[in-house]
Asker: 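Just passing along the structure, written as structure tokens.
As a basis for the values below, the full set of heavy atoms in this structure was taken, side chains included, without hydrogen atoms, waters or symmetry mates.
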Amino acid sequence: MTIWKPTVLTRVMLGLAIIVSAFPLYWMLVIASRTNSDAVATPPKFLPGGNLGQNIIAVLTHPEAQFVAGLTNSFIVASVVTVSVIIISTLAGFAFANLNFRGRNLLLVLVLLTMAVPLQQMGVVPLYRLMVSLEWTGTLKAVILPYLLNGFGIFLMTQYTRQSVPMELVEAARVDGAATLRIWWNVVLPAVRPGMAVLGINTFMLMWNDYMWPLIVLNQENPTVQIAINGLNARFSTEYSLIFAGTALSIIPLVLVFVAFGRQIVGGLMEGAVKA
């Protein structure tokens, strides 16, 4: 077996790609650690300053941003939606992949069609009217309800379950007397765990970064983190140092999630690549 060794050009290109990818994060930390005048200075400052702690305290105590409440609300919304999407998607994926029932293919086609329609843009008016009629505007329920399931998650787990759980394994469990939910819990879930991790992190990240819908149905007194960052702006000017400090704080939960579940992501991708 021949082991491929990267050339000097490959190493250089990879190094440049890493630098280009990491520079926005570095620049965010530079501006977050400086004053607002340094952020707009010409020529720009490329080294971190000494105001990071002061800017973080200003962000956390900002009277209009409600940043701590935004972090808490975003964590609640992202966690609830992620758990719901994972459970519903794995159940539906198991049904579409391993159960025979009337209309299965038609229902799967309908799920795929929902992925082709930009629901957030086309459905924002009826969704908002629904939230007004339910008197949910300004509450986290209005942000959570529309995202409790999605077509992409169902399609992803259907394909992953078809690759990871052979029908013979399901039939063997039935012969042993296991009910459908018992098969899903004891046979399917352990096999599709890497796919669940990938779906979960993708969903958590999308909900954490969502801006448009929370901006419409929530208010500045009960925001998500993205709305809180928007509230860091001064009335007649842009506080770049505070905005970048708030952005740096807001990505910490995402980094922790990636660190915690990174092995599952890599394992899922590698397993999918080997099976493909």
Side-chain angles (χ1 to χ4, degrees), residues 21 74-101 103-120 143-176 178-210 251-276:
S21 302
S74 284
F75 184 79
I76 293 173
V77 170
S79 299
V80 172
V81 171
T82 298
V83 171
S84 173
V85 167
I86 289 176
I87 293 176
I88 294 176
S89 297
T90 51
L91 281 169
F94 169 51
F96 284 127
N98 297 116
L99 301 181
N100 293 318
F101 57 91
R104 180 179 67 171
N105 294 332
L106 176 60
L107 288 176
L108 186 57
V109 170
L110 292 177
V111 170
L112 295 177
L113 289 177
T114 63
M115 298 169 57
V117 179
L119 293 177
Q120 189 177 67
V143 182
I144 294 174
L145 181 66
Y147 297 98
L148 289 178
L149 60 91
N150 63 66
F152 171 76
I154 295 175
F155 174 72
L156 174 66
M157 295 312 301
T158 298
Q159 298 302 109
Y160 200 93
T161 304
R162 283 176 177 171
Q163 293 183 352
S164 303
V165 184
M167 284 298 300
E168 292 79 7
L169 193 61
V170 175
E171 294 299 330
R174 288 197 181 279
V175 170
D176 289 339
T180 301
L181 286 179
R182 184 68 178 273
I183 295 173
W184 172 74
W185 182 262
N186 288 350
V187 177
V188 176
L189 288 188
V192 301
R193 191 176 300 168
M196 292 167 57
V198 174
L199 175 62
I201 291 180
N202 181 67
T203 304
F204 190 94
M205 181 177 64
L206 289 176
M207 292 306 305
W208 187 270
N209 293 326
D210 191 23
I251 68 172
I252 292 177
L254 296 179
V255 173
L256 294 177
V257 169
F258 271 102
V259 171
F261 297 99
R263 289 186 178 181
Q264 289 288 348
I265 294 178
V266 175
L269 294 176
M270 293 300 294
E271 185 175 339
V274 171
K275 291 183 178 180

Asker: Taking all atoms of both residues into account, what is the closest heavy-atom pair of I154 and T158, and its distance?
Answerer: O-OG1, 2.7 Å
Asker: Could you give the distance from OG (S89) to CG (N150), rounded to the nearest 0.5 Å?
Answerer: 5.5 Å
Asker: Spell out, as yes or no, whether a donor-acceptor pair under 3.5 Å connects the side chain of S84 to the backbone of V80.
Answerer: no
Asker: Would a distance-only check, ignoring hydrogens and angles, find a side-chain to backbone donor-acceptor pair under 3.5 Å from N98 to V170?
Answerer: no
Asker: Atom CG in L156, atom CE in M196: separation rounded to 0.5 Å?
Answerer: 11.5 Å
Asker: What is the minimum heavy-atom distance between I86 and G200, and which atoms define it?
Answerer: CD1-CA, 3.6 Å
Asker: How long is the gap from CZ on F96 to OG1 on T161, to the nearest 0.5 Å?
Answerer: 11.5 Å
Asker: Please work out whether the ring planes of F75 and F204 are parallel, tilted or perpendicular, with thresholds of 30° and 60°.
Answerer: perpendicular
Asker: Taking side-chain hydrogen bond (donor to acceptor under 3.5 Å, both in side chains) as the definition, give me every residue that meets it alongside N105, ordered by chain and number, with sequence neighbours left out.
Answerer: none
Asker: When rounded to the nearest 0.5 angstrom, what distance separates CD1 in I87 from CG in L149?
Answerer: 12.0 Å
Asker: Using a 4.5 Å cut-off on heavy atoms from C-beta on, say whether the side chain of R182 contacts that of V187.
Answerer: no
Asker: Would F101 and L107 count as a side-chain contact (heavy atoms from CB on, under 4.5 Å) if you check the C-alpha gap in whole Å, the side-chain angles of each, and the deciding distance to 0.1 Å?
Answerer: CA-CA 10 Å; F101 57 91; L107 288 176; 3.9 Å; yes
Asker: Is it the case that atom CZ in R104 sees more than 12 heavy atoms from other parts of the structure closer than 6.0 Å?
Answerer: yes
Asker: Search all heavy atoms of Y160 against all heavy atoms of G195 and return the closest pair with its distance.
Answerer: CZ-N, 3.7 Å
Asker: Could you walk me through whether N202 and F152 pass the side-chain contact (heavy atoms from CB on, under 4.5 Å) check?
Answerer: CA-CA 11 Å; N202 181 67; F152 171 76; 3.9 Å; yes
Asker: Does the side chain of F94 come within less than 4.5 Å of V165's, by heavy atoms?
Answerer: no
Asker: Go through V85 and L199 one step at a time and tell me if the side-chain contact (heavy atoms from CB on, under 4.5 Å) criterion holds.
Answerer: CA-CA 8 Å; V85 167; L199 175 62; 4.1 Å; yes
Asker: Can you measure from CD1 (I251) to CE (M205) and round to the nearest 0.5 angstrom?
Answerer: 12.5 Å
Asker: With rounding to the nearest 0.5 Å, note down the distance linking OG1 in T203 to OH in Y147.
Answerer: 12.0 Å
Asker: Would W184 and T90 satisfy side-chain contact (heavy atoms from CB on, under 4.5 Å), going step by step from the backbone distance to the final call?
Answerer: CA-CA 8 Å; W184 172 74; T90 51; 3.5 Å; yes
Asker: Are L169 and V188 close enough that some pair of their side-chain heavy atoms sits under 4.5 Å apart?
Answerer: no
